[in-house]
Amino acid sequence: MPLPTEIANIIGFAGMACIVFAYAYITGRERPNPFVQHGVNLLGAALLTISLLVNMNAPSLVLEGFWAAIAIWGLVKAARNRGGDRRPN
């Protein structure tokens, strides 16, 4: 059963709100929590991907793939640094 366009749009707007929130969060905080920053970005990319699978836009879909990959990279770095290892990656 395909996802209705209206529901896909609501999911897409939720994803967009996540990404805007994450950007505002890192801009407004002196020391943002990387798990919040990258986790919300990953959620936003996932939600936008769901919307884009219904309302296909190939360039935006590729962008969300990169956005998710970078967020996962950030989460992995944050998890590694959580143990006290502060070496730059």
Side-chain angles (χ1 to χ4, degrees):
M1 181 168 145
L3 191 63
T5 300
E6 298 82 20
I7 300 297
N9 285 338
I10 291 169
I11 292 169
F13 276 112
M16 180 268 318
C18 288
I19 289 173
V20 170
F21 168 80
Y23 186 64
Y25 173 74
I26 65 166
T27 301
R29 303 278 291 201
E30 189 171 319
R31 298 193 65 178
N33 181 323
F35 293 101
V36 172
Q37 174 190 354
H38 299 300
V40 173
N41 268 321
L42 181 58
L43 176 61
L47 293 172
L48 280 165
T49 296
I50 292 168
S51 175
L52 287 166
L53 291 174
V54 173
N55 303 305
M56 180 51 95
N57 177 328
S60 293
L61 188 60
V62 170
L63 173 67
E64 294 312 319
F66 281 106
W67 201 268
I70 292 167
I72 291 168
W73 177 30
L75 287 168
V76 169
K77 283 180 61 176
R80 286 182 182 162
N81 289 337
R82 185 179 225 178
D85 180 11
R86 303 284 184 211
R87 291 176 291 144
N89 293 337

Between [atom1] of [X] and [atom2] of [Y], what distance do you get to the nearest 0.5 Å?
X     : Y     : atom1 : atom2 : result
Asn55 : Ser60 : CG    : OG    : 11.0 Å
Gln37 : Tyr23 : CD    : OH    : 11.0 Å
Ile72 : Lys77 : CD1   : NZ    : 15.0 Å
Cys18 : Leu47 : SG    : CG    : 5.5 Å

Could you state whether [X] and [Y] fall into the same hydrophobic cluster, counting links through intermediate Ile, Leu, Val, Met, Phe, Trp or Tyr residues with side-chain heavy atoms under 4.5 angstrom apart?
X     : Y     : value
Leu53 : Leu48 : no
Ile70 : Leu61 : no
Leu52 : Met56 : yes

> Would the number of heavy atoms belonging to other residues, nucleotides or ligands and lying under 6.0 Å from CZ of Phe13 be above 12?
Replying inline: no

Quick check: do [X] and [Y] have side-chain heavy atoms less than 4.5 Å from each other?
X     : Y     : answer
Val62 : Pro59 : no
His38 : Trp73 : no
Thr5  : Asn9  : yes

Closest heavy-atom contact between [X] and [Y]?
X     : Y     : answer
Ile19 : Glu64 : CD1-OE1, 4.0 Å
Ala22 : Asn41 : CB-OD1, 3.6 Å
Trp67 : Ala45 : CD1-CB, 3.9 Å
Phe21 : Val36 : CE2-CG1, 4.3 Å

> Between Ser51 and Ile11, is there a donor-acceptor pair closer than 3.5 Å when you use the side chain of the first and the backbone of the second?
Replying inline: no

> Just by distance, do the side chain of Tyr25 and the backbone of Asn33 share a donor-acceptor pair under 3.5 Å?
Replying inline: yes

